Amino acid sequence: MNISHQNSSTNQEEHFDSIVIGAGMSGLAAAIRLAMAGQSVTVLEQHSIAGGLNSYYRRGKRKLDVGLHAMTNFMEQGQKGKPLGKILKQLRLRYGQLKLSPQKSSLIHFPNQKLCFSNQIEKLQADIAQTFPDQKENFEQLLEFVDHFNETDLNHQFIPASQHLSQIITDPLLLNMLMTPLLLYGSANQDEMDLAQFVIMFKSIYLEGFMRPEGGVRTIIQLLLDRLDSLGVKIRYRTKVQAILKSEEHVTGVLLQSEDVILANKIYSSIGSLESEQLADLPLRSRPGALSFVETIFHFEQRPSDSGADQTIIFYNDRPKFQYHCPATLFDPSSAVVCFPNNFEQDDGPEGVIRITFIANYQLWSKLSKNDYLNAKEQVKMAALATIKQVAPNFSATPIFTDTFTPMTIERYTGHIGGAVYGSPDKWRDGTTELAGLFLTGTDQGFLGIVGSLLSGISIANLHGISRD
Amino acid sequence: MSSVNSEIVGSEANKVRQVVVDILTEVAPDEDISCLKNEVALRDQMDLDSMDFLDIVMELKKRHSIVVPQEDYPRLESLNSCVEYLSPKFLN
């Protein structure tokens, strides 16, 4: 990339030790760690709000969350060796600041079978013993397998989980049911999942469990922003990177869309591997992700639990086998994640809320005319209401507010190519790229979810940014 | 004479111990530091992993300009070993 003399003389050229691209969870966490180590850091965010894939917005008086329906990796205060405890310490946050509320219980809802789970694994164990009596011991074996697996090894290679696990869980239906929430909450691979990712997700969802901070995702983002502020790090919003600059084989900085140049020795990119490779003009080694989603958020005057709908999250599937791949239609209403944000132990929401997510086809959405796009959103909404009828038959309230977002919305606000929420199926665990000084953090480094992304930012900053001598 | 000497050494040791305790308070704000045993490994009394030891080292450098090379991390195992290892560095 050549910078003309005119540009470099008229525009500012600042220099930092590190640039972080993207103010999502991983970018914010990485920036905090680097600044804690005494580095000069700046964070570049294309959007006007921080959070990335897990963010928030406002419509009138209503505050809405987008991204994950719940945080995973619940722990009680003082529990040792848990991922949440690790990130809190590394970011110097206190457990109490998150004001966490655990889930009540969640459901895997298949046509003829249901499995209930909570933050106590005994509940799922008991449910499996009852519904799949011949798999009771196999599930105990699976728990043991998960317990002994070193899933955080950054040098790990892809192993297909279902193939490996079918030797432990011999009933394909049970294995499919157990994998459904894990695939929906964090697999960038269609109908398959990396074994290490399976273990990470199994622990974070079934062994630790769901939780929600009081006030939703805003609470976490605000804590991270306050931390950065106290460390003197500035986030530049509405700042889009045009190119990652390099000389020979090392990064030198970034060229912004404003034509300003910011120089740095190291760049931590949280925007995705393919997205980063494009900006740095590198050979494209990462495949684009194929999994995107549509989501409808309904607000009601009544609370779903008043009509007996007291689950926190329902993983709904009405086919004999759950299909986790890009559908041939705009979206696939045969499976859904249905979230009831009021149904955590503490309900701080002023209204009843249901969020319904379907797997969607980005390509088809991207070809719609304005009018067809609006009609398609209406179809999503109708399908979502039909799903509510299925999972909460006694809840008949009429929504007082509805909003639907599509793969196009995701792409616009997060910059993920193809609206691929879980990024590329290729993950780069050690965060390195083909370009020295350019590191990946976040979704395509491979730790997903809110706690996962934070851990990703911390691990990559520690590994590549903080000197040990 | 020797008792005076050991007292000086003791108060110096206490100062170094306090330095480590202050850092632990910052690195692990949710933990109760008040009843740490000097001779027991910190890892066995607190929720600390290698990333947290990196932070302890980072704080020593930031607050007291003391550099602990990676091969010496095991010497920060307990409060006693910290005092033994760090005391000479404070005197320099």
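As the structure is a prediction and not an experimental result, all values here were calculated from the model. Note on naming: letters A, B, ... go to the chains in the order of the sequence lines (proteins, then strands), and numbering restarts at 1 for each one.
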Exercise for review: Measure the shortest side-chain to side-chain distance between B:D47 and A:K82 over non-hydrogen atoms and say whether it is less than 4.5 angstrom.
Suggested key: no
**Study point:** Side chain / backbone / both / neither for A:I458 at chain B, heavy atoms under 4.5 Å
**Key:** side chain
**Study point:** A:Q77 portion near chain B, given a 4.5 angstrom heavy-atom threshold
**Key:** side chain
**Study point:** Interatomic distance, B:M51 atom CE to A:I466 atom CD1 [nearest 0.5 angstrom]
**Key:** 10.0 Å
**Study point:** chain A neighbours within residues 29-43 of chain B, where any heavy atom lies under 4.5 Å away
**Key:** B:P29, B:D30, B:E31
**Study point:** Lys/Arg N to Asp/Glu carboxylate O, B:D49 vs A:K89, below 4.0 Å
**Key:** no
Point to revise | Non-neighbouring partners of A:D194 that pass salt bridge (charged side-chain N to carboxylate O under 4.0 Å, His left out), sequence neighbours left out | key: A:R429
Point to revise | CD (A:Q346) with more than 12 external heavy atoms under 6.0 Å | key: no
Practice item. Could you go through the salt bridge (Lys or Arg N to Asp or Glu O under 4.0 Å) check for A:R33 and B:D55 one step at a time? Key: CA-CA 10 Å; A:R33 289 297 301 168; B:D55 277 34; 2.5 Å; yes
Point to revise | Nearest heavy atoms of A:M36 and B:K62, plus distance in Å | key: O-NZ, 2.8 Å
